[in-house]
Amino acid sequence: MPRHKSKTLNKLRRLLTTLPKSRLNTFVWKIVPLSILSGLLDIGIVALSSRLAGSLVGKELNDFLPGVNVFNNSIEEQAIVLVCLFVILSWLGSFTKIFRLLFIENLTAQIWRDISNGILFKLIGQPYNYFLTTKSSSISSQILANMQNIADLIIRPILLIISSIIVIVSVSIALSLVLGLRAIILLLFLAVSFFLLSSFVVPYLRIASLQNVRLNAKISSLLNQILFSIRDIHLTQSRDYFESKFVRLGKSAQRFQWRARLLPDVPRIVIEPLAISFIFLVALTPYIYGSDYQKLASNLIPFVATFIVSLVKLTPPLQDLFRSITTVRGGLPEIDAALLYLELHDSNRGFIPSTSLSPDGIFPRREISLVKIDYKYPGSNNYALKSISINLPVGSRIALMGPTGSGKSTISNILLAHLQPTSGQMRLDGEPLDKNEISSWQRCCSEVLQDFTLIDSSVLENIAFGCRPDEVDLDDVLEAISAAQLTDLIDEMPYGLNTLIGENGLNLSGGQRQRLALARAFYRNTKFLILDEATSALDQKTETEIINSLKIIGRRCTTVVIAHRLNTLSKCDFIYEIKDGEVISSGTYQDLCNPDHPLGISVKV
């Protein structure tokens, strides 16, 4: 058990250390002082309630404030003064609690944002091979759902636990001072009762929370599959299959969801009648076994009244404490899921480090080369690339041809530094590309894939991808549009560059989407461009126009084309044929047309 507790505390510490120090300052300088003030006001209210009840039953009251004759007056005057003080402290206490909860909820929201941002910042900088082994639907599920659970099941309960303990300790001190040993016995009984109930409930709650995490990820993944496969679902009439699968997962999740919501309240629900029963048992015991029944009313009424007022003050923080402790203990699987992403290795992918070289500084003057490259995908025992050696002179247009699955796209990912070779080197002017230079190299690169992803925004934002509005150069945008043969299309759009293209270019044809992708590459003034089947969706006329555009731009950037059409290959300076992860032949377009050359034999076959 101690070892398990140490692991739990260690996980909480690791989670909290990911937060900015300003969040701790908010807690220490705002929430804690308000909790202390709330506790002090509750001490005053409990003390006043005991005095008020005592004065009403005619019990003699002592003055504890020298020079202030509160309790030497008549019973009526004492009651009026005590009631006024009681009301004032009650209002002050209520306002204090409102502000305390306001800061708690605000801090919880800030921490939720911090953790969500932290996960995104870690993920967006991970190397490309990380995403080859992690489902994107699982990642999105963690960010959108799990982070909300972290706020609701971990952060907010922890803040409530600490602030509630301060209030509970304050009221307990007041009870001990006013009622003595009996109050201490009662409080100890409540604490032991809660511990026993909580120990019984928590294992079931933890199982329910763990299953919720697992099933919510499955439901999110299935929902993404359904939405992305809607065309195939309609064509195959498989709606019933996916509906039934979704319903089954929902029913499984339902069982654990209601348990996760109910179980944290069970200790509180059981404790309430126990507390009431024990209050009267403790209050009456001295008189049941004693002989002085005449003092029963004068002693019992102040005791019960004080304890009832104390319970009114103790119940909210006790409820918060009981529920929050149980919730935190049951929500530990959520911490594991968050730490899985928050503790990812820091990477400089996707942004420009202050020490990085400029594109002009890193781009080679003579050649880009791959030297004896081997590559295995994570989790695979087979090599996707085997001793690949190719040479790309700067300013040339190089083609990669071969059947699907031969390794062409893997080579392009190596060239773009998305993937790191298992062995071998990528070299720039004969010098190996260092890991610290990857960000600088990628600033020189662009790619146009056969299934290119466009953002759900305007034409302008898709071309000037990742640029703030005040950073966009419209002249460069128009030049890129012209080079990509998009001018006529943009002119026909209702809002020109500001026309929305829909989710992933839904409102565009396949050829228009790829031309927009090319315009993005041209806008960046790319020095190294990879076209992976980029012309497969274009008609012959548009394909010719784009190839002509590449011919104009091509000597200013090195271009690698992955294509099957002979017309596309004819514009390239050199061709490599890839099969089963190896270069099996190479040559020029003239060699390709020569039936006796290995390239020509492949085309003939």
Side-chain angles (χ1 to χ4, degrees), residues 117 120-121 123-125 128 348-354 356-363 412 416-418 438-532 534-535 537-538 542 545-546 548-550 552-560:
N117 292 345
L120 178 63
F121 297 163
L123 284 173
I124 205 169
Y128 177 67
N348 61 358
R349 301 293 176 87
F351 76 97
I352 305 172
S354 58
S356 67
L357 295 171
S358 67
D360 290 332
I362 193 172
F363 198 77
S412 72
L416 294 169
H418 287 320
I438 288 177
S439 292
S440 299
W441 167 247
Q442 289 182 331
R443 292 170 64 191
C444 303
C445 305
S446 290
E447 60 180 334
V448 178
L449 306 177
Q450 52 185 322
D451 187 18
F452 197 82
T453 301
L454 297 171
I455 59 175
D456 186 6
S457 188
S458 66
V459 173
L460 179 61
E461 288 190 52
N462 272 279
I463 294 175
F465 182 79
C467 294
R468 296 182 178 87
D470 59 338
E471 297 176 342
V472 176
D473 189 320
L474 286 178
D475 291 335
D476 288 346
V477 170
L478 295 175
E479 183 179 340
I481 288 172
S482 176
Q485 303 292 329
L486 273 173
T487 304
D488 291 341
L489 175 65
I490 302 298
D491 290 342
E492 293 172 0
M493 289 183 171
Y495 301 104
L497 288 172
N498 295 315
T499 302
L500 299 178
I501 64 171
E503 183 179 1
N504 202 20
L506 182 65
N507 299 330
L508 302 176
S509 67
Q512 290 168 344
R513 291 179 71 257
Q514 291 186 332
R515 277 186 280 164
L516 191 58
L518 286 170
R520 180 188 296 180
F522 298 156
Y523 175 74
R524 294 186 62 216
N525 194 24
T526 292
K527 296 178 179 296
F528 183 74
L529 177 64
I530 287 186
L531 304 180
D532 189 349
T535 60
L538 306 181
T542 306
E545 291 172 347
I546 287 185
N548 288 335
S549 296
L550 291 177
I552 296 171
I553 296 176
R555 299 311 170 185
R556 290 184 290 167
C557 73
T558 305
T559 307
V560 175

Colleague: Going through the distances and angles, do Phe528 and Thr559 end up as a side-chain contact (heavy atoms from CB on, under 4.5 Å)?
Modeller: CA-CA 6 Å; Phe528 183 74; Thr559 307; over 6 Å; no
Colleague: May I have the list of side-chain donor-acceptor pairs in residues 486-501 shorter than 3.5 Å, sequence neighbours left out?
Modeller:
| from | atom 1 | to | atom 2 | distance (Å) |
| --- | --- | --- | --- | --- |
| Thr499 | OG1 | Tyr495 | N | 3.0 |
| Thr499 | OG1 | Gly496 | N | 3.1 |
| Thr499 | OG1 | Gly496 | O | 2.9 |

Colleague: Can you tell if the side chain of Pro359 reaches within under 4.5 Å of the side chain of Lys527, non-hydrogen atoms only?
Modeller: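 Sidechains of Lys527 and Pro359: in contact.
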Colleague: Okay, side chain of Thr526, backbone of Leu529: is any donor-acceptor separation there less than 3.5 Å?
Modeller: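 No; zero donor-acceptor contacts below 3.5 Å.
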Colleague: Rounded to the nearest 0.5 Å, how far apart are OG of Ser457 and CD1 of Ile463?
Modeller: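 Going from the OG atom of Ser457 to the CD1 atom of Ile463 covers 11.5 Å.
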Colleague: Nearest 0.5 Å, what's the SG-CG distance between Cys467 and Leu460?
Modeller: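 The distance works out to 9.5 Å.
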Colleague: Nearest 0.5 Å, what's the CG-CD1 distance between Leu416 and Ile438?
Modeller: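 Reported value, rounded in 0.5 Å steps: 11.5 Å.
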Colleague: Would you call the rings of Trp441 and Phe363 parallel, tilted or perpendicular, taking 30° and 60° as the class edges?
Modeller: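 Geometry flag for Phe363 against Trp441: parallel rings.
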Colleague: Counting N and O atoms only, with roles assigned by atom type, does the side chain of Arg515 sit under 3.5 Å from a partner on the main chain of Gln485, one being a donor and the other an acceptor?
Modeller: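 Yes: the side chain of Arg515 pairs with the backbone of Gln485.
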Colleague: Is the backbone N or O of Ile455 less than 3.5 Å from a side-chain atom of Asn462, with the two atoms forming a donor-acceptor pair by type?
Modeller: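 Side chain of Asn462 to backbone of Ile455, a donor-acceptor pair under 3.5 Å: yes, one is there.
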Colleague: Just by distance, do the side chain of Arg520 and the backbone of Ala480 share a donor-acceptor pair under 3.5 Å?
Modeller: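 Absent.
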Colleague: Can you find a heavy atom in the side chain of Val448 that is under 4.5 Å from one in the side chain of Ile530?
Modeller: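 They are not in contact (no side-chain heavy atoms under 4.5 Å apart), so the answer is no.
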Colleague: Evaluate side-chain contact (heavy atoms from CB on, under 4.5 Å) for Val560 paired with Leu531, printing each intermediate quantity in order.
Modeller: CA-CA 6 Å; Val560 175; Leu531 304 180; over 6 Å; no
Colleague: Determine whether a donor-acceptor pair (N or O, by modelled atom type, separation under 3.5 Å) exists between the side chain of Glu479 and the backbone of Tyr523.
Modeller: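 Side chain of Glu479 to backbone of Tyr523, a donor-acceptor pair under 3.5 Å: no, none is there.
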Colleague: Any chance you could measure Asp456, atom CG, to Glu461, atom CD, to the nearest 0.5 Å?
Modeller: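 That separation rounds to 10.0 Å.
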Colleague: How close do Arg524 and Gln442 get, heavy atom to heavy atom, and via which atoms?
Modeller: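 The answer is NH2-O, 3.6 Å.
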